[in-house]
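Have a look at the structure below, then the notes.
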Amino acid sequence: MRRISRIAVAAGLAVAALVSCTSDTEPAQTTRPPLADAINVAVATDLPGIALLKGGENQWTGFDADLWRWLGTHSTPPFRSVEVPAATDERERFLIDGRARLVVNVFSITDDRRTRITLVGPYLITRQGVMVRASDTRIDKASDLDGKRVCVPAGSTSLDQLLEGPLRAQVTIIPEVANSTCVALLLSEQVDAYTTDQLVLHGFSNANPGRLALVPSLVFGPQERYGIGLPPGDIAGCEAITAKLREFLTNGDWEQFFGTHFPNLTPSDFKPDVKRLDPCSLNQTTK
Amino acid sequence: MDRRWLVRQLFWVVPLLIGVSFLVRWLLGLGSKSGAITDPLSLVVSILNLAVSVLAFLYTVGARPEPVEHEQSVDCRRRPRPLVLAAFVVFCGGVLGLLFWQLIHKPDIQATELVKVLSGDKLADGSQAMLVVPGKPPQRRYLSVTPLLDNIGPTGDCEGASRLAFTRVIDGRKEPPLTDVVSRTEVILDLGAATQSARVLVDLSADDPECRVELLIQEAVLFNTSAFD
């Protein structure tokens with residue numbers, strides 16, 4: 001009899017444990033390291049003004065570089081960023097397979113990307129632009145690009161905009177993995193133009209004075225709103241970094257960093273409204 | 001206390017607890033907007049609980065071994081009385097509950113498919129769409145609506161860069177707007193004063209003028225917060 005009562009009690013406890021399990025409708029909580037100690041941050045290496053790696057020194061300069069270091073020192077608890085170079089088309093994969101805990105790498109927030117990873121921001125806003133050699137006066141408006149060879153970074157929203165936007169079927173698209181390759185192709189006259197975010201183009205233009213120039217009248221497509229990438233479903237991380245971004249956008253550090261790296265641009269053209277950062281709830285569909 | 005008797009009780013108490021635990025877990029999972037289901041079920045559960053408690057008490061009294069010296073003095077004719085009383089209480093509880101839920105309480109109306117969206121298929125900054133609330137007048141006082149902005153284009157952060165303003169139009173009269181609503185966020189609109197019709201104007205404000213979005217209804221529920229609304 002004692003045995004039977006033990007079995008009955010054990011069965012009751014087992015079922016009670018089953019009942020208390022989480023339901024199928026709730027997303028599974030994936031294990032991820034906390035935003036503390038040393039974390040991998042996926043970054044660019046070849047973008048002047050944004051994230052440029054000085055050869056041999058393992059030191060980055062630029063707005064994005066200042067931002068990931070700022071986040072590290074201002075977070076609670078603070079963390080040390082371990083920079084992991086990531087090409088444009090590798091950024092999402094780094095977050096999904098765990099090679100990076102954060103992406104701070106001219107990473108445009110899009111509704112499509114938000115279904116696969118978590119995005120926080122924006123912290124910078126820009127639009128698509130076109131750059132040509134400073135000496136090339138052939139291209140001034142969209143129709144001037146007819147039949148021209150245009151380089152664009154692979155895996156970027158710039159390529160999506162070129163494929164879907166007003167310039168599609170008008171140009172020959174040359175996708176390249178690295179932005180710096182597009183610049184090299186443009187300078188060596190292997191392509192006629194290079195298109196990506198205006199802010200990135202301004203960085204290259206500042207680094208190559210007199211050799212490269214933006215086409216002022218060629219601005220197209222939806223805004224590119226740079227955000228910080230987090231692994232799928234990291235709502236707690238999203239809330240924490242959104243709070244930090246609000247501080248960053250209001251305490252004067254944003255203006256200081258922007259003025260340092262883009263002294264010839266008007267900050268208000270690129271600064272997001274701190275009251276209208278994307279709500280983290282939009283990321284909850286990510287698995 | 002007789003151990004065998006105690007073990008016998010476990011055979012029906014444990015399954016009962018397991019069953020109730022599963023039921024409660026399921027009811028909790030249905031969420032607040034399923035009040036129309038959870039409330040009557042909770043009532044049924046509470047009535048069953050009462051019935052089971054009463055019957056269990058009677059069963060226990062009947063099944064528990066009495067001391068030998070009192071065996072001859074048990075009056076079997078006294079047992080049916082509590083049984084009849086318990087059955088009467090259960091019957092009254094059931095009838096009263098049924099009357100309340102059928103005649104007084106108005107259950108929620110799932111209106112996701114019933115709320116019509118007019119001019120919401122290609123909204124840009126400054127555009128306006130309209131929600132037509134079903135019923136003339138609407139059959140419940142409140143409308144809970146969760147809007148969803150679907151980016152038409154392949155790029156752009158259009159859902160995050162957009163905010164909505166909801167303006168109720170009750171019997172043709174505009175009410176103060178509810179502003180700064182984000183996609184996928186529930187808003188609750190009071191339609192209480194409507195005697196003829198209720199509509200809702202939805203104005204889109206987008207940071208990005210190039211964005212084009214479609215306004216969809218993720219969920220809409222017409223409900224009352226009190227049985228007497």
Side-chain angles (χ1 to χ4, degrees), chain A residues 1-16 18-26 108-114 119-122 125 127-128 156-161 163-165 219-227 272-273 275-285, chain B residues 2-31 124-125 146-164 179-186 205-214 218:
Chain A
M1 280 301 169
R2 188 176 292 173
R3 190 163 152 257
I4 293 172
S5 63
R6 280 185 192 152
I7 292 169
V9 171
L13 290 173
V15 174
L18 275 176
V19 168
S20 65
C21 287
T22 54
S23 75
D24 296 341
T25 53
E26 294 168 4
S108 297
I109 303 172
T110 72
D111 297 313
D112 180 48
R113 281 177 177 159
R114 201 159 25 216
L119 289 160
V120 190
I125 294 178
R127 291 190 68 193
Q128 290 293 299
S156 66
T157 48
S158 305
L159 178 59
D160 293 336
Q161 294 212 26
L163 293 170
E164 303 286 339
V219 181
F220 60 94
Q223 288 176 342
E224 299 289 347
R225 294 157 61 89
Y226 293 164
D273 182 350
K275 293 176 186 166
R276 303 219 5 185
L277 299 186
D278 288 5
C280 290
S281 57
L282 297 181
N283 289 297
Q284 284 177 349
T285 51
Chain B
D2 186 345
R3 185 174 290 279
R4 283 181 297 177
W5 174 83
L6 191 64
V7 170
R8 274 204 302 276
Q9 309 313 307
L10 285 175
F11 278 109
W12 65 269
V13 170
V14 170
L16 180 70
L17 288 174
I18 292 168
V20 171
S21 300
F22 269 109
L23 190 57
V24 168
R25 177 72 185 83
W26 179 64
L27 291 174
L28 288 172
L30 288 175
D125 182 36
T146 307
L148 173 65
L149 293 174
D150 188 28
N151 186 354
I152 295 171
T155 59
D157 173 23
C158 296
E159 193 178 9
S162 299
R163 298 292 184 272
L164 297 167
T179 58
D180 227 20
V181 176
V182 177
S183 176
R184 300 176 203 239
T185 304
E186 180 193 28
S205 151
D207 290 347
D208 186 349
E210 296 295 320
C211 274
R212 298 291 180 274
V213 293
E214 181 178 5
Q218 195 172 41

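Computation of the quantities below employed the complete heavy-atom set of this structure, encompassing side-chain atoms and omitting hydrogens, waters and symmetry-equivalent molecules. Per chain, numbering begins at 1; letters A, B, ... match sequence-line order.
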Min side-chain heavy-atom separation B/Glu159-B/Leu148 under 4.5 Å: yes

With a 4.5 angstrom heavy-atom cut-off, could you sort out which part of B/Asp150 is near chain A: side chain, backbone, both or neither? neither

Distance-only side-chain donor-acceptor flag, B/Thr146 / B/Gln218, under 3.5 Å: no

First locate atom CG of A/Leu282, then atom CD1 of A/Ile109, and finally report the distance between them rounded to the nearest 0.5 Å. 10.0 Å

Best-contacting candidate, B/Leu149, B/Asp207, B/Thr185, B/Asp180, against chain A by heavy atom pairs under 4.5 angstrom: B/Asp207

Please identify, among A/Pro222, A/Gly227, A/Ser108, A/Pro122, the residue contributing the most non-hydrogen atom pairs under 4.5 Å to chain B. A/Pro222

With only heavy atoms counted, which part of B/Arg212 is less than 4.5 Å from chain A, the side chain, the backbone, both or neither? neither

With a 4.5 angstrom heavy-atom cut-off, is it the side chain or the backbone of A/Leu277 that approaches chain B, or both, or neither? backbone

Scored by heavy-atom pairs under 4.5 Å with chain A, the best of B/Cys211, B/Ser162, B/Pro209, B/Cys158 is B/Cys158

Going by the rule salt bridge (Lys or Arg N to Asp or Glu O under 4.0 Å), which residues pair with A/Asp111 if we only count those two or more places apart in sequence or in a different chain? A/Arg114

Which region of A/Arg225, side chain (C-beta onward) or backbone (N, CA, C, O), has a non-hydrogen atom less than 4.5 Å from a non-hydrogen atom of chain B, or is it both or neither? side chain

Do A/Glu224 and A/Gln128 touch side chain to side chain, with heavy atoms closer than 4.5 Å? yes

Taking only residues two or more places apart in sequence or in another chain, which ones pass side-chain hydrogen bond (donor to acceptor under 3.5 Å, both in side chains) with A/Asp273? none

